[in-house]
Amino acid sequence: MKDKTWFSSTLLDWNRQSNDRQMPWKGEKDPYLVWLSEIILQQTRVEQGLPYFLRFKEKYPTVKHLAKAPEDDVMRLWQGLGYYSRARNLHHTAKHIASELKGIFPATYHDIVKLKGIGPYTAAAIASFIFGEKQAVVDGNVIRVLARIYGIDLPFDTTEGKKAFSELAQKLISDTHPGEYNQAIMDFGATVCVPANPKCDICPFADKCVAYQENRQEELPVRAKRITKKERFFYYVVLKDNKEIIITKRSANDIWKGLYELPMLESPKAIRKNIGEAVSTFLGKKVKIESYSKPYTQQLTHQTIQSVFIFIDGEDLQNVHIEGAQKVPLKKLPTFAFPKVVHLFLVENSLL
DNA sequence: AACGCGGGGAC
DNA sequence: GTCCCAGCGTT
């Protein structure tokens with residue numbers, strides 16, 4: 001019979017009998033390290049985030065180490081992981097904790113959720129794992145597990161849907177072992193109730209699972225909105241001599257904010273001719289194009305970006321003036337964080 | 001309430 | 001190709 005604790009006790013039984021998922025931050029009692037792991041894992045698979053967690057823990061073992069690091073160093077360590085606002089907010093909050101909170105991490109969900117970069121999910125995770133507070137996490141795993149077992153076809157990416165899943169999650173969480181419960185439901189979603197081809201044959205909920213009983217596993221959960229991709233065309237200008245190169249920092253509220261790149265001209269559509277003119281206008285002086293790199297196509301979640309790198313013939317770096325640009329020794333390039341495509345170009349051309 | 005934000009892996 | 005991933009901040 002489905003009594004009040006049916007869900008949580010079934011889940012905790014599964015966790016103790018069948019869950020062998022190991023991760024370095026599991027059981028961690030230092031709130032800084034749990035916080036760090038949770039930020040890294042936002043919208044990121046464990047396997048992808050793991051090496052980053054180990055590198056951050058090694059380089060910044062405490063919140064104070066992180067707080068006194070230059071932002072460029074933090075971005076450099078985050079390079080390649082994506083969603084770079086996570087790194088900026090992580091650093092911002094580390095400085096806030098070190099200076100305003102005397103290095104002490106807040107101890108309640110209410111106070112934790114106020115921190116920049118920490119929302120309902122991360123606050124619930126930290127509050128329950130570290131402080132034993134009864135706050136249910138709601139992430140992609142939890143939504144999928146609950147949608148299937150309880151047959152919820154309300155779209156989860158709406159205000160109404162979010163509220164419904166949060167309330168159900170909070171109703172189901174274990175009174176006595178909230179932290180273990182939160183960990184278990186996410187492990188369960190990540191290993192058994194997976195998005196495609198869930199392992200219903202070994203699922204302890206199967207006989208009560210609405211989705212399984214009605215064979216609707218692939219239909220649940222329901223998302224309301226579909227992602228629309230936009231196309232963008234980036235034309236990068238390689239301005240270098242034997243020892244220096246010109247780079248710029250992305251500062252607009254756009255993709256890759258906080259990272260560095262080469263001077264770049266963006267076009268709403270592919271420029272098929274007169275690229276020389278466009279580049280000359282961009283640089284404010286007549287230039288002759290020496291050659292082009294191969295086109296680099298990058299598939300991101302919300303946009304497709306095609307980038308071409310343009311080599312300029314006989315350019316004199318002294319006479320180039322680009323707003324916000326800086327000339328740096330080639331040797332120093334490894335200290336800057338670049339978007340994946342720029343990094344790849346630099347590596348393929350032996351500049352990095 | 002709606003939108004923007006990376007990169008990688010599974011299918 | 002599409003979808004999803006230990007979500008969040010901004011507008």
Side-chain angles (χ1 to χ4, degrees), chain A residues 21 23-26 28 34-53 75 78-90 92-93 112-126 128-129 135-145 147 155-163 165-166 169 179 182-191 193-198 218-230 232 250 252-259 297-305 337-344:
Chain A
R21 199 177 192 217
M23 292 165 293
W25 46 83
K26 227 182 202 182
E28 176 61 59
V34 171
W35 166 46
L36 173 62
S37 73
E38 294 301 340
I39 300 300
I40 287 175
L41 291 171
Q42 287 170 6
Q43 293 290 281
T44 303
R45 291 170 198 281
V46 168
E47 314 84 73
Q48 189 187 1
L50 179 56
Y52 286 83
F53 173 78
M75 299 306 288
W78 199 274
Q79 175 176 246
L81 194 56
Y83 284 165
Y84 297 93
S85 66
R86 292 183 293 171
R88 297 197 308 273
N89 290 335
L90 179 75
H92 170 93
T93 295
I112 296 169
V113 80
K114 291 178 183 165
L115 300 173
K116 196 158 193 175
I118 297 185
Y121 163 77
T122 304
I126 298 170
S128 64
F129 295 160
Q135 288 287 343
V137 293
V138 181
D139 72 336
N141 291 305
V142 173
I143 287 168
R144 186 171 56 255
V145 170
F156 64 85
D157 56 338
T158 61
T159 303
E160 187 188 5
K162 286 187 182 81
K163 183 167 183 286
F165 280 99
S166 303
N182 276 340
Q183 183 63 61
I185 192 169
M186 291 192 286
D187 284 345
F188 181 77
T191 60
C193 197
V194 290
N197 307 312
E218 302 296 337
E219 299 171 24
L220 298 174
V222 174
R223 178 193 290 276
K225 297 184 267 291
R226 276 301 134 209
I227 333 145
T228 56
K229 272 193 183 175
K230 68 171 172 180
R232 302 176 72 174
R250 291 183 67 87
N253 283 324
D254 190 3
I255 188 175
W256 302 329
K257 182 178 180 181
L259 273 62
T297 300
Q298 199 177 13
Q299 290 293 347
L300 302 180
T301 305
H302 356 259
Q303 40 192 299
T304 301
I305 300 175
F338 296 104
K340 207 76 181 169
V341 63
V342 178
H343 188 265
L344 179 61

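Proteins come first, then strands; the chains are lettered A, B, ... in the order of their sequence lines, and each starts at number 1. Atoms considered below: every heavy atom in the structure, side chains included; atoms not considered: hydrogens, waters and symmetry mates.
- Picking from B:dC11, B:dG6, B:dG9 the nucleotide with the shortest atom distance to the side chain of A:Arg45 gives B:dG9.
- When rounded to the nearest whole Å, the span between CD of A:Gln79 and C1' of B:dG6 equals 13 Å.
- Atom C1' of C:dC4 sits at a distance of 15 Å from the matching atom of B:dC5, rounded to the whole Å.
- With rounding to whole Å, A:Ile255 atom CD1 is found 10 Å from B:dG7 atom C1'.
- The phosphate of B:dG6 (OP1 or OP2) has no side-chain N or O of A:Gln298 nearer than 4.0 angstrom.
- Counting non-hydrogen atoms of other residues, nucleotides and ligands closer than 6.0 Å to NZ of A:Lys26 gives a total above 12.
- With DNA chain C read from its 5' end, the first of the two nearest nucleotides for A:Gly117 and A:Glu38 is the one closest to A:Glu38.
- The gap from the C1' atom of B:dC3 to that of C:dA6 amounts to 22 Å, rounded to the nearest Å.
- For A:Gln48 against B:dG8, a side-chain-to-base donor-acceptor contact under 3.5 Å is absent.
- Contact annotation: side chain of A:Thr301 to base of B:dG7, donor-acceptor pair present below 3.5 Å.
- One can place CE of A:Met75 at 12 Å from C1' of B:dC5, the figure rounded to the nearest angstrom.
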What do the steps show when you test A:Trp25 against A:Phe53 for ring pair (Phe, Tyr, Trp, His ring centres under 6.0 Å), and what is the final call? CA-CA 9 Å; A:Trp25 46 83; A:Phe53 173 78; 5.1 Å; yes
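- A nucleotide of DNA chain C counts as in contact with chain A when one of its atoms lies under 4.0 Å from a heavy atom; the first and last such, 5' to 3', are C:dC3 to C:dT11.
- Atom CD of A:Glu160 has 12 or fewer neighbouring heavy atoms from other residues, nucleotides or ligands inside a 6.0 Å radius.
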